[in-house]
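Only one structure is covered here, and it is reproduced in the block below.
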Amino acid sequence: MAILSVTSTSVTINPLKQSQAIGATLAFLGLKGMLPLLHGSPGCSAFTKSPLAQHLREAIPLSSTAMTEVSTIMGDEDKVEQAILQMVQRYQPEILGLCTTGLTETKGDDLRRLTKDIRHRYPELDNLPIVLVSTPDFKGTLQDGFAAVVESIVKEIPQNSGGCYLQQVVVLASSAFTPADIEQVKEIIAAFGLQAIAIPDLSGLLDSQWDHNYNGITGSGTTLAELQQIGHSVFTLALGESMRGAAKILEQRFNIPYEVFSELTGLGATDRFLQALADISGHHVPEKYRRQRRQLQDLMLHTHTYFGGKRVSVALEPDLLLSIVTFLQSMGVHIHTAVTTTRSPVLEKLTIPCVTIGDLEDFEQMAVGSDLLIANSYTTTISKRLNIPLYRQGIPIFDRLGHALSTKVGYQGTKQLLLDIANLFFQD
């Protein structure tokens with residue numbers, strides 16, 4: 001195994017990473033009755049909404065404290081209070097998500113003290129959970145903001161456990177998973193007789209197109225009642241290395257054991273996940289998944305000639321990067337270039353010589369000579385200039401339909417991913 005070298009570039013020209021606020025807002029969309037609120041200027045919320053609206057093709061519930069130049073200089077505590085009171089009165093959310101921005105972080109606003117003072121003045125807010133998250137856009141990435149929300153939720157909302165429900169498990173799913181991925185994971189868990197509480201549960205976004213009664217808050221996702229019952233769970237399944245912190249919090253608070261699954265794509269990764277579910281439930285792996293495994297093996301046998309020796313360049317967030325790279329290597333692919341957004345412990349698991357923490361400018365320069373690019377839709381112009389096909393992964397994907405419906409987890413999802421990429425090689 002080669003020793004991994006992680007290099008960083010000091011200047012960003014064509015950004016790959018998205019802000020923490022985008023990741024935090026995405027995580028909030030997986031909680032029912034949630035109203036995300038950004039403490040910053042209206043422009044902050046606009047730039048957060050835009051890529052998510054393009055990616056999901058859905059209305060994004062997101063409000064702002066609407067700071068102006070005057071309130072920034074003279075003081076903005078009343079802006080937070082007014083925003084919370086107006087949002088509660090107008091939308092009646094079950095949960096409020098309050099995020100900082102680069103502007104308010106630079107000012108040094110203490111939102112924890114502010115919300116405590118507001119609760120003291122307005123006792124009617126005592127039963128409204130307020131999830132506070134620090135998401136300045138001058139540091140961190142989408143994955144970091146997403147993980148920060150999950151950690152804040154499991155730290156603040158679950159109530160003390162009076163025992164455990166033997167069939168209930170917690171699923172902490174990172175930003176690397178699509179709504180269809182979460183739905184597939186829940187279906188697999190249910191097949192073992194277990195009940196999953198996913199945090200966040202983005203699978204409800206697959207149904208929101210039928211809900212014409214948009215009222216400014218999320219209409220699907222994990223409910224407040226479910227969040228409060230997390231402490232009764234028998235096990236935590238952390239999907240993605242970025243979920244390890246939240247899993248540790250649950251272990252410390254409620255003594256819930258956990259296991260981190262850095263990937264759920266590929267034969268070996270799915271085998272490990274299903275074996276863990278069999279151990280937790282005491283049930284054998286259902287025949288349905290044994291059959292899917294045989295089908296995947298057969299498909300891998302028939303498509304390996306299209307993958308062997310191909311040079312692929314990948315630019316993704318760390319959790320998703322590991323999953324895609326590991327799968328490609330299992331099919332005999334050579335990773336020509338790997339670019340990511342931030343340092344992460346998960347990078348040490350990669351069996352490639354080098355990973356660059358950089359931007360799409362770096363990616364374009366290093367990807368020359370590749371047979372395939374894997375990155376988000378911002379890479380489309382690079383693909384055209386280099387005349388290299390692009391397989392879209394990550395956020396945002398705005399020039400293709402149905403990404404929320406695509407899945408890459410389990411045997412079934414791996415088959416879909418395998419065929420998608422094989423067809424690109426086949427066309428070449």
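These numbers come from the heavy atoms of this one structure, side chains and all, not from hydrogens, waters or symmetry mates. Residue numbers run from 1 in the order of the sequence given.
Shortest non-hydrogen contact noted between Leu360 and Pro15 is CD1-O, 3.6 Å. Across Thr340 and Glu317, no two heavy atoms sit closer than the pair OG1-C, 3.6 Å. Of all non-hydrogen atoms in Val150 and Pro200, the two that sit nearest each other are CG2-CD, 3.9 Å. Considering every non-hydrogen atom in both Phe254 and Gln159, the closest pair reads CE2-O, 3.3 Å. Taking all atoms of both residues into account, the shortest heavy-atom contact from Leu205 to Ser220 is N-OG, 3.9 Å. Between Pro179 and Leu202 the shortest heavy-atom distance is CB-O, 3.3 Å.
Asp362 and Thr356 share no side-chain donor-acceptor pair at under 3.5 Å.
Considering Asp109, Thr135, Thr104 as possible partners of His39, the one that fulfils the side-chain hydrogen bond (donor to acceptor under 3.5 Å, both in side chains) test is Asp109. Partner Arg392 forms a side-chain hydrogen bond (donor to acceptor under 3.5 Å, both in side chains) with one of Asp420, Asp399, Thr379 and no other, that one being Asp399.
Side-chain N or O atoms of Thr178 include one that pairs as donor or acceptor with a backbone N or O of Ser406 at under 3.5 Å. For the pair Thr218 (side chain) and Gly33 (backbone), a donor-acceptor distance under 3.5 Å is present. No donor-acceptor distance shorter than 3.5 angstrom exists from the side chain of Ser64 to the backbone of Ser45, with no hydrogens or angles considered. A donor-acceptor pair is defined here as one N or O able to donate and one able to accept, closer than 3.5 Å; such a pair exists between the side chain of Ser233 and the backbone of Ile230. Proximity of a side-chain donor or acceptor of Ser370 to a complementary backbone N or O of Ala367 within less than 3.5 Å is detected. Side-chain atoms of Asp371 come within 3.5 Å of backbone N or O of Arg311 as a donor-acceptor pair. Side chain of Asp359 to backbone of Asn14: a donor-acceptor contact under 3.5 angstrom is found. A donor-acceptor distance shorter than 3.5 angstrom exists from the side chain of Thr223 to the backbone of Glu226, with no hydrogens or angles considered. Within the 3.5 Å criterion, the main-chain N or O of Ser313 finds no donor-acceptor partner in the side chain of His336.
The aromatic rings of Tyr289 and Phe192 sit parallel, their planes meeting at an angle under 30°, below the 60° perpendicular limit.
Put simply, CG on Leu98 and OG on Ser152 are 10.0 Å apart, with the number rounded to the nearest 0.5 Å. The structure places OG1 of Thr270 at 11.0 Å from CD of Gln412, a figure rounded to the nearest 0.5 Å. Of the inter-residue distances, the one linking Glu364 atom CD with Leu386 atom CG reads 5.0 Å to the nearest 0.5 angstrom. Here the CG-CD1 distance, from Leu128 to Ile118, works out to 11.0 Å after rounding to the nearest 0.5 Å. Between atom CD1 of residue Ile22 and atom CD of residue Gln143 there is a gap of 14.0 Å, rounded to the nearest 0.5 Å. Note that OG of Ser174 is 5.0 Å distant from CZ of Phe177, once rounded to the nearest 0.5 Å.
Counting only residues at least two apart or in different chains, salt bridge (Lys or Arg N to Asp or Glu O under 4.0 Å) contacts with residues 261-272 comprise Asp271-Arg293. Among residues at least two apart or in separate chains, there is no salt bridge (Lys or Arg N to Asp or Glu O under 4.0 Å) pair with a member in residues 21-48. Counting only residues at least two apart or on different chains, no salt bridge (Lys or Arg N to Asp or Glu O under 4.0 Å) pair has a member in residues 131-152.
Counting non-hydrogen atoms of neighbouring residues, nucleotides and ligands closer than 6.0 angstrom, the CG atom of Asp126 exceeds 12 such neighbours. A 6.0 Å sphere centred on CZ of Arg57 holds more than 12 heavy atoms belonging to other residues, nucleotides or ligands.
No side-chain heavy atom of Ile395 sits less than 4.5 Å from a side-chain heavy atom of Pro51. Under the 4.5 Å side-chain criterion, counting only non-hydrogen atoms from C-beta, Glu251 is not in contact with Thr236. With a 4.5 Å cut-off on side-chain heavy atoms, Glu94 and Met34 do not count as touching. Side-chain contact check for Thr65 versus Leu38: every heavy-atom pair is 4.5 Å or farther apart. Counting heavy atoms from C-beta on, the side chains of Val260 and Tyr258 come closer than 4.5 Å. Between Pro158 and Leu227, every side-chain heavy-atom pair lies at or beyond the 4.5 Å cut-off. Within the 4.5 Å cutoff, the side chain of Leu328 has no heavy atoms near those of the His334 side chain. Gln393 is listed as a side-chain neighbour of Leu316, based on a closest heavy-atom distance under 4.5 Å.
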*Do Thr100 and Glu105 pass the side-chain hydrogen bond (donor to acceptor under 3.5 Å, both in side chains) test, and can you show the C-alpha distance, the side-chain angles, and the key distance before you say yes or no?*
CA-CA 6 Å; Thr100 61; Glu105 287 275 354; 2.7 Å; yes
*Could you walk me through whether Asp201 and Thr222 pass the side-chain hydrogen bond (donor to acceptor under 3.5 Å, both in side chains) check?*
CA-CA 6 Å; Asp201 187 355; Thr222 314; 4.9 Å; no
*In sequence, state the C-alpha distance, the side-chain angles, and the governing distance for Val333 and Gln329, and then conclude on side chain to side chain contact (heavy atoms under 4.5 Å, CB included).*
CA-CA 5 Å; Val333 167; Gln329 289 180 318; 5.9 Å; no
*For Thr303 and Phe425, run side chain to side chain contact (heavy atoms under 4.5 Å, CB included): C-alpha distance rounded to whole Å, both residues' side-chain angles, the deciding distance at 0.1 Å, then the answer.*
CA-CA 10 Å; Thr303 58; Phe425 289 142; over 6 Å; no
*Could you please spell out the steps behind the side chain to side chain contact (heavy atoms under 4.5 Å, CB included) verdict for Thr414 and Phe327?*
CA-CA 9 Å; Thr414 301; Phe327 165 71; 3.6 Å; yes
*For Asp279 and Gln275, run side-chain hydrogen bond (donor to acceptor under 3.5 Å, both in side chains): C-alpha distance rounded to whole Å, both residues' side-chain angles, the deciding distance at 0.1 Å, then the answer.*
CA-CA 6 Å; Asp279 294 340; Gln275 184 59 56; 3.0 Å; yes
*Applying side-chain hydrogen bond (donor to acceptor under 3.5 Å, both in side chains), run through Lys79 and Gln82 and close with a yes or a no.*
CA-CA 5 Å; Lys79 284 282 188 181; Gln82 290 173 11; 5.2 Å; no
*Test log, rule side chain to side chain contact (heavy atoms under 4.5 Å, CB included), inputs Phe307 and Ile421*: CA-CA 9 Å; Phe307 285 82; Ile421 298 178; 3.6 Å; yes
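The ring of Tyr378 has its center closer than 6.0 angstrom to the ring center of Phe398.
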